[in-house]
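Notes to accompany the following structure.
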There are 2 protein chains.
Amino acid sequence: MATRNIKEVAQLARVSVGTVSNVLNRPEIVAPATRERVFEAIKKLGFVRNEVARHLRVGRSRTVGLVVLDVSNPFFVDVAQGAESVADDHDTMVVLCNSAGDPGRERRHLDQLEQQRVMGILITPVEMESPWLEELAARGTPVVLVDSPATGLQCSVAVDDRLGGQIAGAHLIERGHRRIMFVGGPPSIRQVADRHAGIGAAVAAAAGAVELLTSTSPTLTVAEGRAVGERVAALPAGERPTAAFCANDMMALGFLQAMASHGLRVPEDMAIIGYDDIDFAAAAAVPLSSVRQPRELLGRTAIDLLLEEVAEPEEHRHRQVIFQPDLVVRKSSAQGRNP
Amino acid sequence: MATRNIKEVAQLARVSVGTVSNVLNRPEIVAPATRERVFEAIKKLGFVRNEVARHLRVGRSRTVGLVVLDVSNPFFVDVAQGAESVADDHDTMVVLCNSAGDPGRERRHLDQLEQQRVMGILITPVEMESPWLEELAARGTPVVLVDSPATGLQCSVAVDDRLGGQIAGAHLIERGHRRIMFVGGPPSIRQVADRHAGIGAAVAAAAGAVELLTSTSPTLTVAEGRAVGERVAALPAGERPTAAFCANDMMALGFLQAMASHGLRVPEDMAIIGYDDIDFAAAAAVPLSSVRQPRELLGRTAIDLLLEEVAEPEEHRHRQVIFQPDLVVRKSSAQGRNP
DNA sequence: AGATTGAGTTGAATCGTCTCAACCAACCCT
DNA sequence: AGGGTTGGTTGAGACGATTCAACTCAATCT
C-alpha cells in the first residue's frame, strides 16, 4: 500500500507540513505560488488525505449512522434516501445499518458506530424501552429517534400511527364492512401496537356493530402476510372477515397474493388496506389502498434535528415532530360491502 | 462530551495504559485480578474504545464500502444483505452507498471511502470504463466489481446477462411470439446492453421469423416502465408487440400496471418477462415471469474475494466469477401465443 | 534609521490507541 | 548462591493530520 502522507507532500513541495495542511483547509491564506507547488506535489504523489487521522485530531466526524428495522422494506429505504439528500448538502456521509428487528444486531451496530465516534445516530429502535440508547446519548453521541415515540430525552420524528389505524378502520366501516381483521406483527413493535389501537378505536366508535379480529405474526414480511392470508382464505365464507387491514404493505402484498391463489376476489370478497404506501403498492395485483406516510420527509427531518443538535449543543432543546398520515384509496378497497 | 480515554481507565485501575490496551486486545495474557480491576474501571467510567485512534495506529479498518447503482431496487438490497451476512462473521462493517446512477455521486462516495481508509470497496460502477477506479486500486484500496465485467485489474463477480436475455428470448419465441419488445434503459449501462444483446441473439437464431422492437429509457424505474407501457398500449393492436422483455423487474412492474390500466390482458394480449426476480415480482398484479439472479450469492462472493485479497495481498490473483441466471416462469408469460 | 505592521511560513505539541523492548519479581534448578 | 525461566507489567515511541504561538522578511510609517 503506497499511501502518501502529508510529510512526503511537504518534502516534495519544499514547504512545511503546516503549510500543506493550510493548503488543504484554508487555501486562501497561503501564497498562490506556494499553493500551486503543493497542489502539484499532491497530484504527483497521488496523495489522499487520511480522514481517520484528521478526525482523531479534530474530534468530530462527518458521518452519521442510520439504523433501520428492515432494509428490505422499501419504506426504510425511502427514509434513508430522505436523510441522505440532506446529509449530502452538508457533506456528511450516512452509513446505513440494518438491525433486521434483532436487538442483538442493533446493539452491535450501535457499539460499532459509537466506537467510530460518529457525529450522531438516527435510529428506528427495535424495542420501545432502551436504556442502552439513553446511556449512549448520555455518553455524548446525539441520537434522534425515527418513526418512534418521544422519550423526552432525545429528539424524535414520527407519524401518528394511531391516527393511521383509525383512518383505515373508519374507511372500511364506512364502506360497510362489519367483520374486519387486523393482520399484524409482534405487538412489541410500537408501530404495530399503535396501528392496532387505532383501528380498535374506530371499531369501538361503531358501538358494537363491527367485529375486529386480530392476527399476530413474528415478522412483517411478504411471506408472513401470505401465510396469514392462506389461513384466512381457508375459513368458511361465513367466518371469514370481509376486510383486512395489514400492518404494512409487504404483509398486505403477501395477503393479497394468497387471496388470488385461492380464487377470492379483491375487493369483492375481501377488501385490503396496507400501510406505508410504498411504490410497489400501486403496482400490486390489485392496486393497494394504503395509509401513506411522508417517508422522505421523515428522514430529512430526522437529520435536520440531528444537525441542529450538533451545531448548537448548548441551546438545543429536544423536540418531537409528529406528522399526519393519510389514506390513499385504490382498487383493493374501492368497492363497498353493501353498495 | 464526556468521552473517557484509555489513560483515565489506567489511572482508575492503577495500572499502565499498556495493560489496559492488553485487557482490550489480548485479555488472556493479563492476570485475572488485574483484568477484573480494569474491567471495573471501564464500566464505572463508561469507557468506549476510540476506534478512530485504534485504526490510525493499526492502519487497517474493519469497514468495507459497498457502492450500488440504486438502493431503491430491491435487487441491490439483496446483494447488500448477502455481503453483510459474510461481513458479520468477520466482524466487519459494510457501509452502503448509493450512486443512484450518477457518476458524480459515485465519485464523491469513492473519495469519501478512500479518505476513510476503508479496508476495501465493492462497487457496481455506473460506467463501464473507469480510470478513476483503477487509480484507486493502484493507490492501495482493494476493489471488487459487483455485477460488472472483468477488467483483469480487479476481481469481479457477475451474472451472465447475455445468457439471461437469450433465455428470456428463447422462451418467448418458443411460446409463439413473433413481435417482441425489449423495454430497456440507457444502453450505456452494461447490464442493459448485455440483456439486449442476449435477446437479440435469440431473435437472430429464429432466422428472421421474429421481429424485435427496442425502447430505451433514461432510468430503470417503475414509473419509466409504466410510461413505456402507456405508449405501447396506445398502439393499434396490429402494430403492438405481443410480448415484452423488460430490463429489470421494476420496469416490468410498471409496464404491467400500464397494461392493466388500459384493459389489456396479461399474458393473453401481452406477455411480460422481467429481470432479477425480486420478491415483489411474484406478488405482482399478474405474477411475473423473471430471469433470476443469485442476488445474495453475488454479494457473498464479492466480499469473499475482497477478504481473500486483504488477507493475502501477495499471493492473491484477481479472479472473475460468473454465475448463470435462470428463468422463473409465472403467469405473465405462462400462456402461448398460439396454443 | 528605527519602529510597526502584516502576510506567509514554520515546527512542536496534540489527539487516543497500539506495540514492543525492557524490566521486575518470583520461582526453579543445579 | 547464581543463572535461567516464566508470567506480568511498564512506558516511550509511533500513526497522520491539525493548530497555534513564534518567527521571518518586506514594505510602510514616523
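Lettering of chains follows the sequences in order, A, B, ..., and the numbering in each one begins at 1. None of these values were measured; they are calculated from a predicted model.
Proximity of B:Thr63 to A:Val95: side-chain heavy atoms (C-beta onward) are nowhere separated by under 4.5 Å. Counting heavy atoms from C-beta on, the side chains of B:Leu220 and B:Asn73 never come closer than 4.5 Å.
Atom NE2 in A:His55 sits roughly 15 Å away from atom C1' in D:dC15 (whole-Å rounding). C:dC18 atom P lies 5 Å from atom CZ of B:Arg54, rounded to whole Å. Going from atom NZ of B:Lys7 over to atom C1' of D:dG13 covers 14 Å, rounded to whole Å. Between the CD atom of A:Glu51 and the C1' atom of D:dA17 there is a distance of 10 Å, rounded to whole Å. In this entry the distance linking CG of A:Asn50 with C1' of D:dA14 reads 14 Å, nearest Å. Atom pair B:Glu8:CD and C:dC15:P shows a separation of 11 Å (rounding to whole Å applied). Atom C1' of nucleotide D:dG16 and atom CD of B:Gln115 are separated by 13 Å, given to the nearest angstrom. Distance CD1 (B:Ile42) to P (C:dT17): 10 Å, rounded to an integer number of Å.
The backbone N or O of A:Asn98 lies less than 3.5 Å from a partner atom in the side chain of A:His109, making a donor-acceptor pair. A distance-only check finds a donor-acceptor pair linking the side chain of B:Ser99 to the backbone of B:Val68 [under 3.5 Å].
Residues from residues 22-38 of chain B lying near DNA chain D, meaning a heavy-atom separation below 4.0 Å, are B:Asn22, B:Val30, B:Ala31, B:Thr34 in numerical order.
Contact check on B:Asp91 versus A:Arg108 returns no salt bridge, with no Lys/Arg side-chain nitrogen under 4.0 Å from an Asp/Glu carboxylate oxygen.
Using modelled atom types, one finds a donor on one side chain and an acceptor on the other under 3.5 Å when comparing A:Thr92 with A:Arg62.
In terms of phosphate contacts, A:Asn5 brings a side-chain nitrogen or oxygen within less than 4.0 Å of OP1 or OP2 of D:dG16. Side-chain N/O atoms of A:Arg57 include none lying less than 4.0 angstrom from OP1 or OP2 on C:dT14. For the OP1/OP2 pair of C:dT10 and a distance below 4.0 Å, the side-chain nitrogens and oxygens of A:Thr19 include at least one atom meeting the criterion.
Map B:Leu56 and B:Val15 each onto its nearest nucleotide of DNA chain D; the residue landing nearer the 5' end is B:Val15.
The bend of the helix from C:dA1-D:dT30 to C:dT30-D:dA1, defined by the angle between the axes of its first five and last five pairs, stands at 60° to the nearest 10°.
Within 6.0 Å of CD in A:Glu315 there are more than 12 heavy atoms belonging to other residues, nucleotides or ligands.
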(request) Before giving the answer on side chain to side chain contact (heavy atoms under 4.5 Å, CB included), spell out for A:Phe39 and A:Lys43 the whole-Å C-alpha distance, their side-chain angles and the decisive distance to 0.1 Å. (result) CA-CA 6 Å; A:Phe39 277 136; A:Lys43 194 158 176 192; over 6 Å; no
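Here the straight-line distance linking atom CH2 of A:Trp132 with atom CG of A:Asp111 works out to 4.5 Å at 0.5 Å rounding.
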